[in-house]
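Some notes on the structure that comes next.
Just so it is clear, the structure is predicted and the values come from calculations on it, not from any experiment.
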Amino acid sequence: MVSPPPGAAAVARPRLCVGPAPRPLMGSQGRSGIPGNSGPGEGGETRELQEARVVRGKRRKGKGKAGAGQGGRGSGLEGKPVLQKAQEAAGSGTEAEAGAGPGQDSEAGGSVEEEARSIVKGDEGSVGAGKEAQGRHDGKEEERRVRTGRREDARPGKAQGQGGQAWGGIAGTGAAMAAAADEEAATREPAARPAAGPALWRLPEELLLLICSYLDMRALGRLAQVCRWLRRFTSCDLLWRRIARASLNSGFTRLGTDLQMPWMQLEDDSLYISQANFILAYKFRPDGASLNRRPLGVFAGHDEDVCHFVLANSHIISAGGDGKIGVHKIHSTFTVKYSAHEQEVNCVDCKGGIIVSGSRDRTAKVWPLASGRLGQCLHTIQTEDRVWSIAVSPLLSSFVTGTACCGHFSPLRIWDLNSGQLMTHLGSDFPPGAGVLDVMYETPSTLLSCGYDTYVRYWDLRTSVRKCVMEWEEPHDSTLYCLQTDGNHLLATGSSYYGVVRLWDRRQRACLHAFPLTSTPLSSPVYCLRFTTKHLYAALSYNLHVLDFQNP
């Protein structure tokens with residue numbers, strides 16, 4: 001190791017720190033450490049340590065720039081005063097060190113660095129606290145430059161060592177990226193609650209939610225324009241759920257609960273509705289929008305749930321999951337039940353003293369209603385598919401069946417009522433599985449159908465049996481369980497998802513209005529719809545709903 005001159009060592013040694021100096025991380029201006037992270041009073045000292053390394057590098061190479069890989073990327077202008085002092089103090093010792101190769105840098109560098117640092121310390125002793133204040137100022141200045149992204153010393157106009165400009169450009173890019181990251185983090189962090197303003201906003205959030213729950217839609221919208229925090233606060237689902245539910249379900253009210261796949265019929269001022277294996281008859285109150293709590297009559301007889309029933313000739317004809325058909329007189333206790341199919345009877349209709357039934361056992365049957373002939377099958381039709389719906393023509397000459405569409409034939413077929421022979425089938429473009437869940441005659445030559453393919457179709461037998469006259473598509477791609485008309489232009493459908501009732505004007509294709517009647521935990525299809533001139537009734541698994549047309 002080459003020792004420094006005796007005079008310089010005597011001056012510098014009392015001010016040296018114990019232990020070797022750590023190798024600094026280089027910034028863009030030749031300062032030690034990460035830019036902007038230096039502590040108070042460290043800016044000046046670390047800069048001068050770096051300048052000492054510049055002195056050593058210049059002595060070794062004999063050039064005005066630092067060697068590659070030796071950490072000598074400092075500012076030339078900032079290093080001049082200290083460089084001259086280091087040269088004078090080092091003398092022949094630093095000249096001998098300049099002859100050392102790169103492999104000797106670890107040995108020779110320590111003494112030169114210590115000598116240069118001792119000279120700097122000696123100069124700092126005369127300056128005192130002013131130097132420390134200058135270092136603190138430099139640290140703050142560096143932090144400001146990093147945050148604003150302006151690297152003034154890295155511009156080409158500054159006198160720097162070779163490679164200093166390139167290093168400054170990289171650091172400047174990193175500073176710009178750091179500033180952009182700070183701005184992005186500021187936008188992501190939640191808006192702070194406003195410190196100024198009414199004392200109301202300093203209440204706990206639970207209390208504010210309760211207060212804001214009484215506001216209407218317009219007031220919440222205006223409140224959201226006050227500041228960013230209120231905009232986020234007023235977008236809470238708890239505040240808008242009540243408004244959304246009220247706007248979507250306006251008009252419908254609940255009449256009953258726990259119906260379990262019901263079916264219903266209307267007659268005069270009474271409503272008949274199935275509940276499990278019973279059929280209950282209720283009388284309407286004078287307003288027509290509510291029912292008496294106590295039923296007028298209860299009709300039983302099935303061992304399993306009632307799947308379907310109709311009213312005809314003062315009788316209730318019911319189809320049960322037990323494969324039986326029940327015949328009940330409305331104004332008496334007369335009830336007859338007989339086995340009709342091998343599996344559950346899904347549908348039944350009755351007109352003119354004739355009963356037709358369809359079953360899961362892939363058959364449709366014709367029965368007489370006369371009391372002396374109950375249970376005597378007139379015709380058995382092999383439909384080759386499960387029958388979901390059935391309807392008798394007003395002319396009493398034919399009936400139509402809606403099947404599951406699992407075969408290669410149309411799910412809508414018309415049969416002769418007297419002979420049981422196939423007359424025709426409707427449509428030619430049904431996709432597989434497009435089962436028909438509800439079908440009804442409007443006139444002897446027109447009928448409506450709906451089902452799994454999410455379409456309501458209007459058929460006119462006088463024009464074509466291959467293609468429907470008009471069709472309406474369920475917008476949410478949901479199965480349509482039932483349909484009903486008012487006999488004029490209004491059409492209502494009930495879908496499987498969330499109990500949505502839709503109203504349609506048959507003169508246009510778009511839906512007029514939608515009424516979701518259930519929430520997610522109680523989702524249920526609309527199993528049955530019925531109309532009067534003043535009300536619409538919808539039956540779901542858990543509730544019976546009524547829409548009052550006079551008081552929407």
Side-chain angles (χ1 to χ4, degrees), residues 249 251-302 305-320 326-335 347-351 389 391 437-438 440 481-488 490-494 499-503 515 517-518 522 524-552:
N249 297 337
F252 270 95
T253 56
R254 291 170 51 178
L255 299 183
T257 59
D258 195 20
L259 301 176
Q260 300 179 7
M261 297 184 65
W263 195 258
M264 64 179 172
Q265 296 288 347
L266 298 177
E267 185 177 74
D268 299 332
D269 58 350
S270 300
L271 181 142
Y272 296 80
I273 188 165
S274 63
Q275 183 174 354
N277 59 336
F278 299 97
I279 299 174
L280 308 176
Y282 292 93
K283 189 175 182 63
F284 284 111
R285 291 177 178 173
D287 59 0
S290 58
L291 300 171
N292 291 326
R293 298 178 64 88
R294 193 167 184 176
L296 289 175
V298 178
F299 304 92
H302 288 281
D305 290 353
V306 174
C307 300
H308 199 280
F309 70 91
V310 292
L311 305 179
N313 301 332
S314 299
H315 290 81
I316 301 175
I317 296 92
S318 59
V327 179
H328 319 269
K329 283 193 175 180
I330 295 177
H331 303 293
S332 71
T333 59
F334 173 80
T335 298
C347 51
V348 67
D349 197 9
C350 180
K351 284 186 178 67
S389 56
L437 295 178
D438 198 8
M440 61 172 293
Y481 268 68
C482 56
L483 58 88
Q484 190 70 20
T485 70
D486 64 347
N488 195 4
L490 188 62
L491 173 67
T493 59
V500 178
V501 173
R502 295 188 184 274
L503 298 180
F515 300 93
L517 302 181
T518 62
L522 300 176
S524 164
V526 180
Y527 288 106
C528 189
L529 290 167
R530 288 295 177 263
F531 267 123
T532 67
T533 56
K534 298 179 181 179
H535 301 92
L536 183 149
Y537 303 93
L540 290 78
S541 291
Y542 306 99
N543 311 107
L544 175 65
H545 296 262
V546 58
L547 174 63
D548 191 343
F549 292 124
Q550 295 178 322
N551 300 300

(request) Evaluate the side-chain proximity of Val526 to Cys482: yes if any heavy-atom separation is below 4.5 Å, no if none is. (result) yes
(message) When you compare the side chain of Leu529 with that of Leu536, does any pair of heavy atoms fall below 4.5 Å?
(response) yes
(request) Please name the pair of heavy atoms, one in Phe299 and one in Ser332, separated by the smallest distance, quoted to 0.1 Å. (result) CE2-O, 4.5 Å
(message) If you define the side chain from C-beta out and look only at heavy atoms, does anything of Lys283 sit under 4.5 Å from Asp269?
(response) yes
(request) Applying ring pair (Phe, Tyr, Trp, His ring centres under 6.0 Å) between Tyr537 and each of Phe531, Tyr272, Trp263, Phe284, report the one that passes. (result) Phe284
(request) Verify side-chain contact (heavy atoms from CB on, under 4.5 Å) between Leu271 and Arg530, making sure each step is shown before the conclusion. (result) CA-CA 10 Å; Leu271 181 142; Arg530 288 295 177 263; over 6 Å; no
(message) So, using side chain to side chain donor-acceptor pair (under 3.5 Å) as the criterion, who are the partners of His328 when residues are at least two apart?
(response) Ser318, Thr335
(message) Any heavy-atom pair between the side chains of Leu517 and Asn543 that's under 4.5 Å?
(response) no
(message) Checking Cys350 against Val310 for the side-chain contact (heavy atoms from CB on, under 4.5 Å) test, could you report, in this order, the C-alpha distance in whole Å, the side-chain angles of both residues, the deciding distance, and whether it holds?
(response) CA-CA 7 Å; Cys350 180; Val310 292; 4.1 Å; yes
(message) Ignoring hydrogens, what is the shortest heavy-atom contact between Leu291 and Arg285? Give both atom names and the distance.
(response) O-NE, 3.4 Å
(request) Name all residues meeting the ring-ring contact (aromatic ring centres under 6.0 Å, His included) criterion together with Tyr481; count only those two or more places apart in sequence or in a different chain, and write none if there are none. (result) Tyr527
(message) Are the side chains of Pro262 and Ile273 in contact, using a 4.5 Å heavy-atom criterion?
(response) yes
(request) With rounding to the nearest 0.5 Å, note down the distance linking OG in Ser314 to CD1 in Ile316. (result) 10.0 Å
(message) Let me confirm one number: the CG-CG distance from Leu503 to Leu547, rounded to the nearest 0.5 Å.
(response) 6.5 Å
(request) For Thr532, enumerate each residue passing the side chain to side chain donor-acceptor pair (under 3.5 Å) test, keeping only those at least two apart in sequence or located in another chain. (result) none
(request) Take Glu267 and Ile330 through the side-chain contact (heavy atoms from CB on, under 4.5 Å) test and state the conclusion after the steps. (result) CA-CA 11 Å; Glu267 185 177 74; Ile330 295 177; 3.8 Å; yes
(message) Return the OG to CG distance between Ser389 and Asp349, rounded to the nearest 0.5 Å.
(response) 10.5 Å
(request) Please identify each residue that fulfils side chain to side chain donor-acceptor pair (under 3.5 Å) with Lys329, with sequence neighbours left out. (result) none
(request) Indicate yes or no: at least one non-hydrogen side-chain atom of Met440 is less than 4.5 angstrom from one of Leu483. (result) yes
(message) Just to verify, what does Asp486 make a side chain to side chain donor-acceptor pair (under 3.5 Å) with, not counting sequence neighbours?
(response) none
(request) Answer whether the closest heavy-atom distance between the side chains of Phe309 and Ile317 falls below 4.5 Å. (result) no
(message) On a heavy-atom basis, which atom in Ser270 and which in Leu296 lie closest, and how many Å separate them?
(response) OG-CD1, 4.0 Å
(request) Could you tell me whether the side chain of Ile279 reaches within less than 4.5 Å of the side chain of Val306, counting heavy atoms only? (result) yes
(message) Return the CZ to NE2 distance between Phe515 and His545, rounded to the nearest 0.5 Å.
(response) 12.5 Å
(request) State whether the side chain of Ser524 and the backbone N or O of Gly499 hold a donor-acceptor pair below 3.5 Å, judged by distance alone. (result) no
(message) Rounded at 0.5 Å granularity, tell me how far CG in Leu280 sits from CD in Gln275.
(response) 5.5 Å
(message) Using the ring-ring contact (aromatic ring centres under 6.0 Å, His included) criterion, which residues pair with His302? Sequence neighbours excluded.
(response) none
